[in-house]
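Numbering starts at 1 and runs along the sequence shown. Atoms within a ligand are numbered from 1 in the order they appear, just like the ligands themselves. In what follows, every heavy atom counts, from backbone to side chain, and hydrogens, waters and symmetry copies are set aside.
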Amino acid sequence: MTDSRLATRWAGFGTSIFTEMTELARAHGAVNLAQGFPDFLGPDRLLRAIEAHVGSSHHQYAPGNGEGRLRRAVARAVAASTGVERDPTTEVTITTGATEAIYATVNAFVNPGDRVVVFEPLYDSYAQAIAQAGGVLVPVRLHAPDTEPGQAAGGWAIDWDQLDAALAAGFRLLILNSPHNPTGKVFTEDELARIAAVVRAADAVAMCDEVYEALVHDGARHVSLSSFDEVRHLVVRISSAAKTFGFTGLKIGWATAARELSSAVRLVHQGTVFSTTPFLQTAVAEVLEDESWMDGYLTELRTSYQAKRDLLRAALVQAGFDVPAVRGTYFLMASFERLAPGRSDVAMGRHLIETRGIAAIPPSAFYARPPGPLPWLRFAFCKRDDTLRRAAAQLQRPTT
Ligand code: PMP
Ligand code: GLN
């Protein structure tokens with residue numbers, strides 16, 4: 001029960017689906033393929049750097065906008081992956097994870113009543129940040145592969161009519177998450193070019209959440225919206241160390257944007273957390289600076305995640321789920337339409353925990369307006385191979 005004095009802008013929000021499913025998984029002793037966190041350690045190279053920096057760091061407030069060493073390392077890494085040069089002094093801001101960068105960006109640009117366009121299904125913290133700013137969430141549907149437009153486009157298809165309507169009505173901010181949680185979609189260059197034209201025409205700001213930038217499969221290429229010339233000055237690009245290094249507890253993120261946009265984001269960042277743990281920042285910087293190590297690490301990371309995806313996908317397909325293409329992130333969406341026609345995603349999630357000892361996320365939690373019953377569950381494959389094999393064995397139990 002929440003206190004009745006809760007500010008009205010938070011009404012309608014409860015405990016996050018990720019926390020809820022993790023607690024349910026614990027209570028049932030289920031394999032947790034729900035919340036997206038690895039059940040293995042990230043690279044030893046970073047752990048050793050953290051240990052060394054705990055000993056040598058100053059342990060006082062870091063500079064509000066981030067340790068200079070990390071801002072420089074981030075600017076170099078962002079330039080290498082996107083071709084966009086950002087000035088580490090004025091255009092790179094270090095935040096407490098991508099979550100804080102999202103909050104700061106939305107609250108920096110959205111006034112009460114402003115319209116914010118978000119592709120749906122959408123990551124939960126966008127809706128919370130928009131509500132906090134008093135903005136109006138304008139969802140643009142990604143049509144599922146089992147719907148007519150989704151089938152025609154061969155995957156999660158943008159509803160261009162909804163995007164055009166949003167442009168006609170005007171909007172202040174567009175939120176794009178690619179590679180996309182929960183669908184695993186990697187937006188194509190053609191889609192991005194069209195989105196860039198819409199953002200430009202609206203003269204809006206685009207917040208691009210690229211936390212899964214390193215996790216692309218089958219040779220897919222992640223392209224940043226910020227690399228399109230006509231919107232470079234309008235994009236706040238967000239990423240973090242959490243997914244790339246497999247340590248979601250680090251909470252070291254960054255927002256890179258043109259100077260004027262950056263100073264707006266910095267203002268909100270200053271008013272919320274002010275600054276972020278210094279030794280974690282410099283440790284991440286040290287690892288990012290080691291470019292040849294990073295190249296080898298990222299290649300290995302992709303190979304290992306692709307194998308994990310294949311392992312889980314094969315087990316789900318064998319158990320009767322349908323799993324469309326997954327080009328990015330460490331999530332996959334699986335349809336249970338053939339296994340349990342008409343059952344809701346929430347009911348199927350509960351059923352899977354109770355009968356198979358496996359926790360997944362019911363994706364209706366990712367919709368502002370769920371489009372009727374969703375025969376989908378989201379599974380995380382950022383787990384040890386033995387965890388995935390245990391899940392595979394449990395999936396072979398009888399279905400109903
Ligand atoms: N954006 C998306 C799409 C995510 O899935 C996550 C994962 N938690 C985040 C942002 C948050 O990143 P961080 O842990 O760095 O706050
Ligand atoms: N991003 C993670 C997921 O999608 C969860 C983050 C969280 O628990 N807040 O599963």
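Interface of Gly97 with ligand 1, defined as ligand atoms under 4.0 Å from a residue heavy atom, comprises 15 (O), 16 (O). For ligand 2, the atoms lying closer than 4.0 Å to a non-hydrogen atom of Phe331 are 3 (C), 4 (O), 10 (O). Below 4.0 Å from some heavy atom of Gly36 lie the following atoms of ligand 2, by number and element: 3 (C), 10 (O).
In this structure, atom 5 (O) of ligand 1 lies nearest to the protein heavy atom Tyr212 OH, 2.6 Å. Protein heavy atom in closest approach to atom 2 (C) of ligand 1: Asp209 OD2, 3.4 Å. Residue, atom and distance of the protein heavy atom nearest to atom 7 (C) of ligand 2 are Phe18 CD1, 3.7 Å.
Interatomic distance, Tyr367 OH to Asp124 CG, rounded to the nearest 0.5 Å: 14.5 Å.
A donor-acceptor contact closer than 3.5 angstrom links the side chains of Gln132 and Trp10. Using modelled atom types, one finds no donor on one side chain facing an acceptor on the other under 3.5 Å when comparing Asn181 with Thr329. Using modelled atom types, one finds no donor on one side chain facing an acceptor on the other under 3.5 Å when comparing His269 with Thr93.
Inclusion of Asn181 in the set of residues having an N or O under 3.5 Å from an N or O of ligand 2 is warranted. Looking at Phe366 next to ligand 2, no N or O pair under 3.5 Å apart turns up.
Between the side chain of His59 and the backbone N or O of Pro278 there is no donor-acceptor pair closer than 3.5 Å. Side chain of Ser178 to backbone of Phe187: a donor-acceptor contact under 3.5 angstrom is found. A donor-acceptor pair is defined here as one N or O able to donate and one able to accept, closer than 3.5 Å; such a pair exists between the side chain of Asn177 and the backbone of Asp209.
Distances shorter than 4.0 angstrom occur between a heavy atom of Tyr123 and an atom of ligand 2.
Looking at Lys308, Arg384, Arg390 one by one, the single match for salt bridge (charged side-chain N to carboxylate O under 4.0 Å, His left out) with Asp39 turns out to be Arg384.
Looking at Phe37 against ligand 2, nothing comes within 4.0 Å, counting heavy atoms. Here Arg378 has side-chain heavy atoms under 4.0 Å from ligand 2, and that is the only part of it that gets that close. Using a 4.0 Å cut-off between heavy atoms, Glu100 makes no contact with ligand 1 at all. Contact annotation: for Ser240 versus ligand 1, heavy atoms closer than 4.0 Å belong to the side chain alone. Both the backbone and the side chain of Thr99 come within 4.0 Å of ligand 1, judged by heavy-atom distances.
Looking at Lys243, Gln35, Met21, it is Gln35 that brings a heavy atom closest to atom 8 (O) of ligand 2. For atom 7 (C) of ligand 1, the nearest non-hydrogen atom from the set Lys243, Lys251, Glu210 comes from Lys243.
Phe245 and Trp293 have parallel rings, their planes meeting at less than 30° on a 0 to 90° scale where 60° marks the start of perpendicular.
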